[in-house]
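Taking it in order: structure first as structure tokens, then the write-up.
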Amino acid sequence: QVQLAESGGGLVQAGGSLSLSCTASGLTFRDYHIGWFRQAPGKEREFVAVYSRPGSGGRPYYSETANGRFTISRDNIKRIVYLQMNSLKPEDTAIYYCATSQAALSAIRHAEMYRSWGQGTQVTVSS
């Protein structure tokens, strides 16, 4: 059974930083893309970043809002994916989820292509 556990959320002032972690178990980690999504109250779940599996190039992809401020990284030995978030803005406030996918690279920005999800971690950015 695939299990994903996010950690590292919290309250931070605008301009600050947070580092999220996603620890995975119950899967062959290297076979999966691991993505980060977020959902703010009243809004749809939104793609943030994904680190593709080694067999598909093993590289990061970002949303436009995350590019340049967030960095996703992956440790295939520890089975952890990190999301370093810098220059945070109040509009980054959301629950952040990690998830697994084996979709084609052309589809890995789409939430419906992800099968297993963590419980999420709250990120709140105050102005």
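We count residues from 1, following the sequence as given. None of these values were measured; they are calculated from a predicted model.
Note that OG of S19 and CE of M85 are 8.0 Å apart. Values are rounded to the nearest 0.5 Å. To the nearest 0.5 Å, atoms CG (D92) and CG (N86) are separated by 11.0 Å. Here the straight-line distance linking atom OH of Y114 with atom OG of S101 works out to 5.0 Å at 0.5 Å rounding.
Residues V50 and I95 share a single hydrophobic cluster, defined by chaining ILVMFWY side chains whose heavy atoms lie under 4.5 Å apart.
Atom CD of E112 sits in a crowded spot, with more than 12 heavy atoms from other residues, nucleotides or ligands closer than 6.0 Å.
You'll find the side chain of L83 stays beyond 4.5 Å of the side chain of Y51, heavy atoms only. Residues L4 and T23 fail the side-chain proximity criterion, which asks for heavy atoms closer than 4.5 Å. Two residues are said to be in side-chain contact when any heavy atoms from C-beta on lie closer than 4.5 Å; Q122 and L11 fail this criterion. The side-chain heavy atoms of V81 and F29, taken from C-beta on, include a pair separated by under 4.5 Å. Within the 4.5 Å cutoff, side-chain heavy atoms of L18 are placed close to those of V123.
For the residue pair R79 and L27, the shortest heavy atom distance occurs at NH1-O, 3.5 Å. Residues T93 and A40 come closest through the heavy atom pair O-CB, 3.6 Å. For the pair F70 and V48, the tightest heavy-atom approach, listed with the atom from each and the gap, is CD2-CG1, 3.6 Å. For the pair E6 and G118, the tightest heavy-atom approach, listed with the atom from each and the gap, is OE2-CA, 3.2 Å. Annotation for R109 and Y62: closest pair NH2-O, 3.6 Å, computed over non-hydrogen atoms. Taking both residues in full, the closest heavy atoms of A14 and P90 are given as CB-CD, 4.1 Å, listed atom of the first, atom of the second, then distance.
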| message | Between H110 and F47, does the side-chain contact (heavy atoms from CB on, under 4.5 Å) criterion hold? Intermediate values first, please. | response | CA-CA 7 Å; H110 302 284; F47 169 73; over 6 Å; no

- Item | Test side-chain contact (heavy atoms from CB on, under 4.5 Å) applied to K89 and V125, step by step | CA-CA 6 Å; K89 305 174 182 179; V125 184; 5.5 Å; no

| side-chain contact (heavy atoms from CB on, under 4.5 Å) assessment of I80 paired with C22 | CA-CA 5 Å; I80 301 176; C22 171; 5.8 Å; no

Verdict with reasoning, N76 to R74, per side-chain hydrogen bond (donor to acceptor under 3.5 Å, both in side chains)
CA-CA 6 Å; N76 291 315; R74 175 176 180 143; 2.6 Å; yes

task = Begin from the C-alpha positions of T100 and I34 and carry the test side-chain contact (heavy atoms from CB on, under 4.5 Å) through to its verdict.
result = CA-CA 5 Å; T100 67; I34 309 295; 3.7 Å; yes

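Under a 3.5 Å cut-off, the side chain of S116 and the backbone N or O of A99 do not form any donor-acceptor pair. Judged by distance alone, the side chain of H33 and the main-chain N or O of R53 form a donor-acceptor pair under 3.5 Å. A donor-acceptor distance shorter than 3.5 angstrom exists from the side chain of T121 to the backbone of G9, with no hydrogens or angles considered. No donor-acceptor pair closer than 3.5 Å links the side chain of T28 to the backbone N or O of D31. Not one N or O on the side chain of N67 forms a donor-acceptor pair closer than 3.5 Å with the backbone of E64. In terms of modelled atom types and a separation under 3.5 Å, the side chain of Q84 and the main chain of L20 share no donor-acceptor contact.
Close placement of the F37 and W117 rings is indicated, their centers lying within 6.0 Å of each other.
Between the side chains of Y96 and R38, at least one donor N or O lies within less than 3.5 Å of an accepting N or O.
Both tests hold for R59 against Y61: distance to the six-membered ring centre under 6.0 Å, angle to the ring axis within 45°.
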